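Note that these values count all heavy atoms, side chains included, but never hydrogens, waters or copies made by symmetry. As the structure is a prediction and not an experimental result, all values here were calculated from the model.
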Amino acid sequence: MSYLDNVLFALLLIIGFGYFYNNIRKIIRNINLGVAVDRKDNAKARWNNMAMIALGQSKMVKRPIAGALHIVVYVGFVIINIELLEIIIDGLFGTHRVFAFLGPVYNVLIASFEILALLVLVAVIAFWTRRNIIRLKRFASSDLKGSPKNDANYILYFEVVLMTLFLLMNASDLHLQNVSGGFSHFIKAGSFPVSQFIEPLFNGMSNELVMLLTEIFWWLHITGILIFMNYLYFSKHLHILLAFPNTYFANLNPQGQFDNLESVTKEVKMMMDPNADPFAAAPPADENEVPSKFGASDVQDLNWVQLLNAYTCTECGRCTSSCPANITGKKLSPRKIMMDTRDRIEEVGRNLDTNKGVFIPDNKSLLNDYITPEELWACTSCNACVEECPVNISPLSIIMDMRRYLVMEQSAAPMPINAMMTNIENNGAPWQYNQQDRLNWKNEN
């Protein structure tokens with residue numbers, strides 16, 4: 001490479017990583033729009049969750065076929081990109097296979113990269129077939145039409161192109177390594193168990209043409225990696241990065257245990273305190289304090305872990321395919337809950353970008369504009385969606401917070417629930433019986 005190539009490559013890296021850094025800052029800002037919640041307890045259990053679920057893929061293999069294919073793509077993606085370090089060094093300093101000095105270790109690395117690249121290609125073709133030919137039910141759902149469906153296919157096409165370019169780059173490199181004289185720059189290094197079968201394609205071509213093709217494959221490969229890295233921000237593939245913090249900060253409480261509102265708990269404790277003076281004046285309120293809201297109607301009312309959940313969602317549909325409400329034809333789709341939450345966060349983020357960091361009310365909210373009460377009340381709160389999620393996302397927590405808003409802020413619960421709460425208030429029980437009549441059943445024959 002000439003010095004001009006080195007400079008151009010450095011500029012490409014600066015642009016690629018700079019744009020990526022800017023988007024990561026936006027994600028962090030948007031997640032921090034959520035309400036503060038403490039998830040720093042029991043660090044040992046949290047590290048174990050991250051190791052077993054995010055790194056070890058323990059929940060993915062509950063569905064063996066998809067799990068095995070995903071592990072191949074996941075391992076291939078992580079390990080093959082170790083090669084990115086060598087590409088960066090070669091690009092910046094004009095070297096060729098700078099780690100070749102590792103000898104047999106380098107040969108093993110390159111060989112493993114190639115085998116993984118081939119396996120990734122096989123797995124990606126299988127994924128594409130499942131989505132577009134077999135059309136599994138969870139991939140043919142109405143909430144995956146349009147952009148979400150296209151996004152999944154774009155990612156698969158990206159991976160095919162990147163793996164193909166990697167193998168073509170190695171095959172043309174191998175061809176030039178075997179040329180005697182004039183190409184000393186291409187030192188003999190690496191083992192090529194897959195690309196050796198592609199290398200004959202370059203037989204009969206002039207060495208100059210193969211050299212040109214090698215450089216084209218190299219530039220396209222590294223450019224493709226940078227484009228793919230920046231596409232993550234706009235796609236469901238963001239879970240590659242966020243699955244780790246998401247599993248670490250996941251709720252460790254038993255499933256089904258819901259949090260209590262501090263303000264309500266405080267009032268109940270005061271009511272139960274025999275020493276409390278019910279006529280005592282409340283402490284003076286801060287004029288600038290924003291009244292706390294019961295539940296959530298928009299993304300700013302959710303906690304930051306719930307917003308992290310939304311960004312981490314893989315849109316795999318395991319939650320929806322296991323949801324009893326969805327299975328029986330109800331409108332609820334836990335996957336759509338997460339996708340809608342993310343879409344609303346992004347809308348709020350764009351509002352902030354447009355208005356220099358200040359949110360200008362847009363007369364929209366997560367409730368009603370994105371998620372309807374019908375969806376929320378269809379939930380049976382069974383936790384199937386939480387159990388099935390491969391990265392510990394909890395759609396149920398968002399559903400329950402929005403339900404809480406409907407009940408406590410708008411008194412908009414369905415009629416049976418309102419009747420139950422009225423009975424509890426009047427009769428001390430969910431049933432519409434006077435307290436004196438509760439034991440009448442024992443006199444029945």
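- You'll find the side chain of S112 stays beyond 4.5 Å of the side chain of I115, heavy atoms only.
- Inter-residue side-chain proximity for L302 and L366 is flagged as met; some heavy-atom pair is nearer than 4.5 Å.
- When only modelled atom types and interatomic distance are considered, Q306 and D401 share a side-chain donor-acceptor pair under 3.5 Å.
- The distance from the CZ atom of F17 to the CE atom of M229 is 4.5 Å, given to the nearest 0.5 Å.
- Within the 4.5 Å cutoff, no side-chain heavy atoms of M400 are placed close to those of L376.
- The CD1 atom of I393 sits 6.5 Å away from the OG1 atom of T314 when rounded to the nearest 0.5 Å.
- The nearest pair of heavy atoms linking R342 to F234 is NH2-C, 3.8 Å.
- Electrostatic pairing of E347 and R350 does not count as a salt bridge here, judged by no charged N lying under 4.0 Å from a carboxylate O.
- Annotation: side chain of W128 is in contact with side chain of Y157 (closest heavy-atom distance under 4.5 Å).
- For the pair L12/W219, a side-chain contact is recorded, criterion being any heavy-atom separation below 4.5 Å from C-beta on.
- Using cut-offs of 30° and 60° for the angle between ring planes, the F127 and H70 rings count as perpendicular.
- Taking a cutoff of 4.0 Å between a charged side-chain nitrogen and a carboxylate oxygen, R97 and D90 do not qualify as a salt bridge.
- Looking only at distances, a side-chain donor or acceptor of Q57 sits under 3.5 Å from a matching main-chain atom of A54.
- Annotation for N170 and S195: closest pair CB-OG, 3.6 Å, computed over non-hydrogen atoms.
- Ring geometry for F158 versus Y231: interplanar angle of 30 to 60°, hence tilted.
- The closest side-chain donor-acceptor pair between Y370 and E375, if any, does not fall under 3.5 angstrom.
- Here the shortest heavy-atom pairing between F202 and S172 reads CE1-N, 3.6 Å.
- In this structure, S191 OG and Y106 OH are separated by 11.0 Å, a value rounded to the nearest 0.5 Å.
- Side-chain contact, E159 with Y154: no donor N or O sits under 3.5 Å from an acceptor N or O.
- Contact check on D353 versus R29 returns a salt bridge, with a Lys/Arg side-chain nitrogen under 4.0 Å from an Asp/Glu carboxylate oxygen.
- Residue pairs meeting the salt bridge (charged side-chain N to carboxylate O under 4.0 Å, His left out) criterion with at least one member in residues 48-66, sequence neighbours excluded, are K62-E387, R63-E388.
- Rounding to the nearest 0.5 Å gives a distance of 12.5 Å between CG of N383 and SG of C319.
- In M205, the CE atom is crowded: over 12 heavy atoms of neighbouring residues, nucleotides or ligands sit closer than 6.0 Å.
- Taking the six-membered ring for Trp and the full ring otherwise, W218 and F9 have centroids separated by under 6.0 Å.
- At least one donor-acceptor pair closer than 3.5 Å links the side chain of N230 to the backbone N or O of G16.
- With a 4.5 Å cut-off on side-chain heavy atoms, N309 and S394 count as touching.
- Of all the heavy atoms in M169 and E83, the pair that sits closest is CE-OE2, 3.3 Å.
- Under a 3.5 Å cut-off, the side chain of T247 and the backbone N or O of V391 do not form any donor-acceptor pair.
- Residues F294 and E409 approach most closely at N-OE2, 2.8 Å, considering heavy atoms.
- In this structure, F93 and N6 have side chains that are not in contact, with every pair of non-hydrogen atoms separated by 4.5 Å or more.
- With values rounded to the nearest 0.5 angstrom, L55 atom CG is found 12.5 Å from N49 atom CG.
- Within a 6.0 Å radius of OH in Y21, other residues, nucleotides and ligands contribute 12 heavy atoms or fewer.
- In terms of modelled atom types and a separation under 3.5 Å, the side chain of N326 and the main chain of L332 share a donor-acceptor contact.
- Counting non-hydrogen atoms of other residues, nucleotides and ligands closer than 6.0 Å to CD1 of I65 gives a total of 12 or fewer.
- Using a distance-only test at 3.5 Å, with no hydrogens or angles considered, no donor-acceptor pair links the side chain of S141 to the main chain of L144.
- With hydrogens and angles left out, the side-chain atoms of N246 and Y311 include no donor and acceptor closer than 3.5 Å.
- Ring geometry, H237 versus H239: the interplanar angle exceeds 60°, so the pair is classed perpendicular (tilted spans 30 to 60°).
- The pair K364-D369 does not meet the salt-bridge criterion, since no charged nitrogen lies less than 4.0 angstrom from a carboxylate oxygen.
- From K331, atom NZ reaches atom OG of S142 across 9.5 Å, with rounding to the nearest 0.5 Å.
- With sequence neighbours excluded, the residues that form a salt bridge (charged side-chain N to carboxylate O under 4.0 Å, His left out) with D41 are R46.
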### Query
Is there a salt bridge (charged side-chain N to carboxylate O under 4.0 Å, His left out) between K293 and D298 once you walk through the steps?
CA-CA 11 Å; K293 185 185 291 186; D298 210 347; over 6 Å; no

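- Checked by atom type and distance alone, the side chain of D38 pairs as donor or acceptor with a backbone atom of K40 at under 3.5 Å.
- Under a cutoff of 6.0 Å and an axis angle of 45°, R39 and F249 do not form a cation-pi pair.
- Residues C379 and R403 meet the side-chain proximity criterion, which asks for heavy atoms closer than 4.5 Å.
- Under the 4.0 Å criterion applied to side-chain N and carboxylate O atoms, K336 and D343 are not assigned as salt-bridge partners.
- Among all heavy-atom pairs drawn from K236 and D151, the shortest one is N-OD2, 3.1 Å.
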### Full working for side-chain hydrogen bond (donor to acceptor under 3.5 Å, both in side chains) between S365 and S297
CA-CA 6 Å; S365 68; S297 64; 5.5 Å; no

